[in-house]
Amino acid sequence: MSDGHGPMPETPSGWSAEQPPPYSAPPASPWTAPGSQQQVPYGGQPHGQPPYQQAPAGHGPGTPYPPYAGQGPGYGYMPPPPALRPGIIPLHPLRLGDVLDGTIKLIRSNPKSVLGLSAAAALVVSVPVALGQAYVFDSAASIAADPGSVTTGDLYGSLAVQYGGTLISLAVQFVVVTMLTGVLTRILGRAVFGGTVSAGEAWRLVKGRVGALFGVVALMAVIMVVPLIVFVLLMAALATTGEFTLVAVATLLFIVAYFVYYLFFKTRFAFAPAAVVLEGRGPIDAMRRSWQLVTGDFWRVLGILLLTWILVGIVSTVLAFPFSFAGTMFSAMGAGTAATAIVSALFLTIGYTIGSMLTYPFEAGVAGLLYADRRMRAEAFDLVLQTAAIEQQRQGWVHSSADDLWHPSNSARP
């Protein structure tokens with residue numbers, strides 16, 4: 001049989017005599033708007049559309065194909081599993097939010113240990129500066145009541161007491177906060193796995209490292225104080241020549257330069273207390289270790305520490321302001337009596353203690369978590385923490401042997 005164009009070719013052997021009709025464009029979908037039907041050329045791909053992405057070589061049956069170009073996850077896509085988080089932080093390199101959130105969780109998970117130790121440290125630091133300021137407030141009120149009775153010695157005495165109390169408070173704070181950081185770092189080392197440590201147990205674990213912590217304090221004091229002593233001696237010698245303008249300009253330049261100097265070394269040695277407590281290192285070795293960990297990520301560490309110091313300063317000022325205001329007003333209304341000075345000093349001490357008992361652990365917690373973050377980034381320490389956390393979850397409790405995991409011999413990359 002023929003259709004007028006020649007004889008039909010014979011059906012090949014093995015084929016059915018009834019074959020499907022030749023290929024044509026598919027009928028329009030009933031859901032297609034009128035006038036919007038696309039012409040489909042041979043091959044079934046509409047005009048103006050990118051060709052389908054071909055499956056890569058090696059894909060066999062049961063292997064999920066990748067998504068088409070420009071589309072979302074394809075068939076067989078599985079999202080990554082959530083990060084393991086047995087304690088206060090996820091066990092992977094930390095973002096800024098992880099550091100701040102982990103610090104808050106550290107305080108909330110161990111309130112008695114953290115806040116109790118911080119309150120004791122804040123009280124010791126607050127007393128000298130509170131007594132100095134109470135004396136100054138009382139003297140200022142007396143001067144305002146009877147200006148004619150004031151002598152030059154009284155003014156110098158008030159300034160000496162005020163700044164002397166402040167300097168003593170700063171010196172005590174430097175020592176106490178370093179010690180507190182060491183104790184809180186031990187609590188943090190257990191809290192990473194979801195465990196808790198009492199204040200007594202934390203002190204028992206840290207007291208053997210007190211000498212090394214004081215060594216870090218002494219070395220940091222030398223680094224920070226020596227430039228100040230040298231500058232004061234130079235300015236004193238320059239002042240004898242009468243060049244007071246040069247002294248003023250040099251002082252302004254030194255303040256700026258010393259601020260940069262302080263930030264640099266404070267950042268470089270921020271992890272020294274953690275290295276002393278968690279890794280069992282000596283003072284010099286701990287400072288060298290901190291320097292190495294900060295190397296390669298200095299600006300990020302500095303930025304987070306600087307942000308923390310600003311936040312701590314704001315929170316401390318806000319919390320202490322009502323008590324400082326009350327102490328100042330009380331001193332102004334009843335100047336000249338011992339009772340007034342005592343009550344004013346009490347108000348100031350309460351304000352400083354409340355402000356510092358929250359800000360000290362926050363600063364120590366950020367430094368400790370940044371230390372953990374730098375070890376995860378530089379030494380793949382997160383793999384060690386994850387393995388230990390899985391084993392502890394299997395056992396159902398956090399063993400004290402978790403403290404030994406922080407030793408540098410357990411790093412995945414030496």
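Below, each value reflects all heavy atoms present in this structure, side chains not excepted, and no hydrogens, waters or symmetry copies. Quick caveat, the model's predicted, so the values are computed rather than measured. Position 1 is the first residue of the sequence; numbering continues from there.
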Would a distance-only check, ignoring hydrogens and angles, find a side-chain to backbone donor-acceptor pair under 3.5 Å from Asp373 to Pro93?
no
If we ignore hydrogens and angles and just use 3.5 Å, is the side chain of Arg281 paired with the main-chain N or O of Ala212 as donor and acceptor?
no
For the atom pair CZ (Arg374) and CG (Leu369), what is the distance rounded to the nearest 0.5 Å?
14.5 Å
For Leu238, I'd like to know if atom CG has over 12 heavy atoms of other residues, nucleotides or ligands within 6.0 Å.
yes
From OH (Tyr352) to OG1 (Thr359), nearest 0.5 Å
12.5 Å
Is the ring centre of Phe347 less than 6.0 Å from the ring centre of Phe323?
no
Pairwise side-chain contact, Met376 with Leu385, heavy-atom cut-off 4.5 Å (strictly under)
yes
Quick one: does Phe254's side chain get under 4.5 Å of Leu228's, heavy atoms only?
yes
Starting from the C-alpha separation in whole Å, work towards a yes-or-no answer on side-chain contact (heavy atoms from CB on, under 4.5 Å) for Leu293 and Glu379.
CA-CA 9 Å; Leu293 287 175; Glu379 303 171 352; 4.0 Å; yes
Which word best sums up how the rings of Trp291 and Phe264 line up, parallel for under 30°, tilted for 30 to 60°, or perpendicular for over 60°?
perpendicular
Is the side chain of Ser118 donor-acceptor paired with the backbone N or O of Leu358 at a distance under 3.5 Å, no angle test?
no
Should Asp98 and Lys105 count as an ion pair when the cut-off is N to O under 4.0 Å?
no
If the threshold is 4.0 Å, N to carboxylate O, is there a salt bridge linking Glu201 and Arg190?
yes
Side chains of Val315 and Phe362: closer than 4.5 Å at any heavy-atom pair?
no
Within a strict 4.5 Å, meaning less than it, do heavy atoms of the Thr185 and Phe271 side chains meet?
no
Please step through side-chain contact (heavy atoms from CB on, under 4.5 Å) for the pair Trp299 and Leu302, ending with a clear verdict.
CA-CA 5 Å; Trp299 293 108; Leu302 172 61; 3.8 Å; yes
Take Leu106 and Asn110 through the test side-chain contact (heavy atoms from CB on, under 4.5 Å) and record every step on the way to the result.
CA-CA 6 Å; Leu106 170 67; Asn110 298 269; 4.3 Å; yes
Distance check, rounded to the nearest 0.5 Å: His92 atom NE2 versus Gln386 atom CD?
9.0 Å
Electrostatic pair Arg289-Asp285, nearest N-O below 4.0 angstrom:
no
Taking atom CZ of Phe265 and atom CE of Met220, what is their separation to the nearest 0.5 Å?
9.0 Å
Smallest separation among heavy atoms of Leu94 and Arg300, with atom names
O-NH2, 2.7 Å
Is there a salt bridge (Lys or Arg N to Asp or Glu O under 4.0 Å) between Glu279 and Arg375? Walk through the geometry before answering.
CA-CA 12 Å; Glu279 300 185 21; Arg375 290 197 62 179; 3.5 Å; yes
Using only atom types and a distance under 3.5 Å, with no angle test, would you say the side chain of Ser113 pairs donor to acceptor with the backbone of Val197?
yes
Atom pair CG/CG of Leu263 and Leu305 - distance to nearest 0.5 Å:
9.5 Å
Using every non-hydrogen atom in the two residues, find where Val183 and Ala202 come nearest and quote the distance to one decimal.
CG1-CB, 3.8 Å
I'd like to check the side-chain contact (heavy atoms from CB on, under 4.5 Å) partners of Ser109; sequence neighbours left out, ordered by chain and number.
Ile88
Exam field: side chain Ser290 to backbone Ala286, donor-acceptor pair closer than 3.5 Å:
no
Scan side-chain atoms only and decide if Trp309 and Glu363 contain a donor-acceptor pair under the 3.5 Å cut-off.
yes
Compare every heavy atom of Leu213 with every heavy atom of Gly182, then report the nearest pair and how far apart it is.
CA-CD1, 4.3 Å
Return the OH to CG distance between Tyr360 and Leu117, rounded to the nearest 0.5 Å.
13.5 Å
Taking all atoms of both residues into account, what is the closest heavy-atom pair of Ile89 and Gly102, and its distance?
CG2-CA, 4.0 Å
List the steps and the verdict of side-chain contact (heavy atoms from CB on, under 4.5 Å) for Val277 and Trp406.
CA-CA 10 Å; Val277 173; Trp406 296 94; over 6 Å; no
For the side chain of Tyr258 and the backbone of Met224, is there at least one donor-acceptor N/O pair under 3.5 Å apart?
yes
Where the side chain of Ser356 meets the backbone of Thr353, is there a donor-acceptor pair that is under 3.5 Å apart?
no
Test: Asp101 and Arg85 ion pair at under 4.0 Å:
yes
For a quick test of reading the model, state the closest non-hydrogen atom pair linking Gly365 to Leu188 and the distance between them.
O-CD1, 3.7 Å
Thr251 to Val247 - nearest heavy-atom pair and separation
OG1-O, 2.7 Å
